[in-house]
Amino acid sequence: WNDDTGLRSTGQTDRVNTDVELVGPEQDIGFTQTGEWVEYTVNVAQAGSYDLQVNAKTPIGGNTVTVSLDGGAVLATVALQDSNGAATGFEGTSFGQTQAVQVQLEAGVQTLRLTFDGTPADNGYLMDMRSFTLAATPDPVPVPDVIGQSGSVTFTQSGPNAWFRVDFAETLDNPSVVMGPVSSNGGDPATMRVRNISGTGFEFQLDEWDYLDGDHGKETVSWLAMESGTHTVGGQTIKAGNAALAGAAGSVAFGGAFGDGTPIVFSQVTSTNDARAVTAQLQSVTTSGFSVQLDQEERAREAHGGENLSWIAVSSGGSAADGLLAGHTGVRVTNSPASVSFGSDFGAQDDFIFLADMQSELDNDTATVRLKALSGTMASFFIEEEKSYDRETTHPNEDVGYLVLDSGLIYDDALIS
């Protein structure tokens, strides 16, 4: 302690073996003057952040208690509020806890010095101090960054110039976007087209083939947006990216993200450089990458121009308990519906999305995957050819990859473990 000349021989008591004056029935430290201080030895159980509060009273707002280590380093300064309004005397004042200030303490025994400062009241003293407290503050729980979002949309399209927008719930950094398969409420064949992808959302339309009018009844389609890069979600590796195709064909490399396993790939045309309807047909999906061909309707005489392409690749595996299931059918899906079972229940259709894309091209006729039926435990889909050249729609067996994923915001496993 450091006690300047203060109140003496007035019947007040001192702290044992000190000159620190005590006042009132609770023996508060009183008659404090500028520059006086008291020290306390504390044993800190664990290094970290602590909330410090002082229980004191003063009629002069702004008087302070500065807390420092015995080496002189100041940890914090606590300001007291005026507890007596316009009056500047102690009569009528009341004790109160100050706002908590955060201090950083090392583990082990150390000495804290509390130094009094400010403007004296009418009687020449600063404040009465009853106590101070140190409460450990828990380490802040890191808020994981969102790396993606999934959902579904239901829409009715009035014509070929109609576009719709999806807004993300959280901003994404350089996202890739894929959509499909489309439900089969309407009979006209179609593919999905995406444009204007940004960190806040994207636009889409149902791209009916050019021999059709673009007017289409109500359909539902799932979508997935993922930030470019490699992630782990539900225990499965996901890699997403964007590519600019200079012409009607191109290739993408995974860069070793999937090791010896061949992932399921989903692709999406994400520009309108060439206005003609188009689908991105995957070819030669391997452990290291894939090729892609931009297919127009069969009667088109010229190759499609270059477009931007989003793609998302997912390793096989997972379950409803993981919130993600990815797999492929093998070579067996035709123009007749085929089904896959999820093995467990993903719940109501609003709770999850379903994506599917051909992993092979065993027939040159332009085609897409179309959804026939969907529940929490299974999906049924088929290969749909367009009819611009002829009415024949028979399509041989194709390998279709699929993804079932919980709807909503997506986080990387490493960020939430």
Return yes if a side-chain donor-acceptor contact under 3.5 Å exists between [X] and [Y], otherwise no.
X    : Y    : result
Q283 : E361 : yes
T111 : E39  : no
T270 : Q268 : no
S49  : Q104 : yes
D260 : T287 : no
N63  : T58  : yes
E297 : T366 : no
S228 : N174 : yes
T93  : N84  : no
Q281 : D295 : no

Centroid-centroid distance, [X] to [Y], less than 6.0 Å:
X    : Y    : result
F354 : F346 : no
F254 : W311 : yes
F90  : Y125 : no

Would you name the heavy atoms of [X] and [Y] that are closest together and state the gap between them?
X    : Y    : result
G151 : I353 : O-CG2, 3.3 Å
A356 : P181 : N-CD, 3.3 Å
A107 : A45  : CB-O, 4.3 Å
P263 : V285 : O-CG1, 3.7 Å
E208 : L212 : OE1-CB, 3.3 Å
S150 : S407 : OG-CA, 3.2 Å

Item to check | CD/Q99: more than 12 non-hydrogen atoms of other groups inside 6.0 Å | outcome: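 No, CD of Q99 has 12 or fewer neighbouring heavy atoms, counting only those of other groups under 6.0 Å.
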Next on the checklist: Tell me whether F164 at atom CZ has more than 12 heavy atoms from other residues, nucleotides or ligands lying less than 6.0 Å away.
Outcome noted: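 For F164, atom CZ is crowded (more than 12 foreign heavy atoms under 6.0 Å).
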Nearest 0.5 Å, what's the [atom1]-[atom2] distance between [X] and [Y]?
X    : Y    : atom1 : atom2 : answer
D145 : L409 : CG    : CG    : 12.0 Å
T200 : E170 : OG1   : CD    : 12.0 Å
L294 : R276 : CG    : CZ    : 10.5 Å
I312 : S267 : CD1   : OG    : 10.5 Å
F381 : M358 : CZ    : CE    : 11.5 Å
M179 : R193 : CE    : CZ    : 13.5 Å

Next on the checklist: One pair to check against side chain to side chain donor-acceptor pair (under 3.5 Å): E398 and S360. What are the steps and the verdict?
Outcome noted: CA-CA 6 Å; E398 299 281 7; S360 61; 2.6 Å; yes
Checklist entry - When you look at S271 and E307, which way does the side chain to side chain donor-acceptor pair (under 3.5 Å) test go after all the steps? => result CA-CA 6 Å; S271 61; E307 300 282 5; 2.4 Å; yes
Next on the checklist: Using side chain to side chain contact (heavy atoms under 4.5 Å, CB included), reason through M129 and N55 one step at a time and then give a plain yes or no.
Outcome noted: CA-CA 6 Å; M129 190 185 79; N55 187 11; over 6 Å; no
Checklist entry - Name the one of I238, L325, T237, V233 that satisfies side-chain contact (heavy atoms from CB on, under 4.5 Å) with V314? => result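 With V314 as partner, side-chain contact (heavy atoms from CB on, under 4.5 Å) holds for just one option, I238.
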Checklist entry - Is R391 salt-bridged to E385, going by a charged N under 4.0 Å from an acidic O? => result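 Looking at R391 and E385, the cut-off is not met.
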Next on the checklist: Please determine whether a side-chain nitrogen of the Lys or Arg among E203 and R195 lies less than 4.0 Å from a carboxylate oxygen of the Asp or Glu.
Outcome noted: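 A salt bridge is present here (some side-chain N lies under 4.0 Å from a carboxylate O).
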Item to check | CA sep, side-chain torsions, deciding dist, call: F116, M127, side chain to side chain contact (heavy atoms under 4.5 Å, CB included) | outcome: CA-CA 8 Å; F116 309 111; M127 69 189 72; 3.7 Å; yes
Quick one: does [X]'s side chain get under 4.5 Å of [Y]'s, heavy atoms only?
X    : Y    : result
Q359 : I264 : yes
L374 : S380 : no
L52  : V67  : yes
T191 : W209 : yes
T272 : D274 : no
V221 : M192 : yes
T137 : Q102 : yes
T98  : Q81  : no

Item to check | Step-by-step side chain to side chain donor-acceptor pair (under 3.5 Å) determination, K57 to S94 | outcome: CA-CA 6 Å; K57 68 176 183 179; S94 57; over 6 Å; no
Item to check | Partner of S183 under side chain to side chain donor-acceptor pair (under 3.5 Å), chosen from K218, E219, R370 | outcome: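 Among K218, E219, R370, the one meeting side chain to side chain donor-acceptor pair (under 3.5 Å) with S183 is E219.
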Next on the checklist: L69 vs L112, test: side chain to side chain contact (heavy atoms under 4.5 Å, CB included). Steps then yes/no.
Outcome noted: CA-CA 5 Å; L69 295 173; L112 299 183; 3.7 Å; yes
Item to check | Worked verdict on T66 versus T77 for side chain to side chain donor-acceptor pair (under 3.5 Å) | outcome: CA-CA 4 Å; T66 297; T77 297; 3.3 Å; yes
Item to check | Y389 backbone acceptor or donor facing E298 side chain under 3.5 Å | outcome: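 Absent.
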Item to check | Exam field: side chain S388 to backbone R299, donor-acceptor pair closer than 3.5 Å | outcome: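 At least one qualifying donor-acceptor pair exists.
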Checklist entry - side chain to side chain contact (heavy atoms under 4.5 Å, CB included) between L355 and V178: does it pass, once the steps are laid out? => result CA-CA 9 Å; L355 299 177; V178 296; 3.8 Å; yes
Item to check | Row check, F95 ring normal vs R130 NZ/CZ: under 6.0 Å, within 45° | outcome: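 That pair qualifies as a cation-pi contact.
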Next on the checklist: Which label fits F202 and W223: parallel for a plane angle under 30°, tilted from 30 to 60°, or perpendicular past 60°?
Outcome noted: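 Rings of F202 and W223: perpendicular, over 60°.
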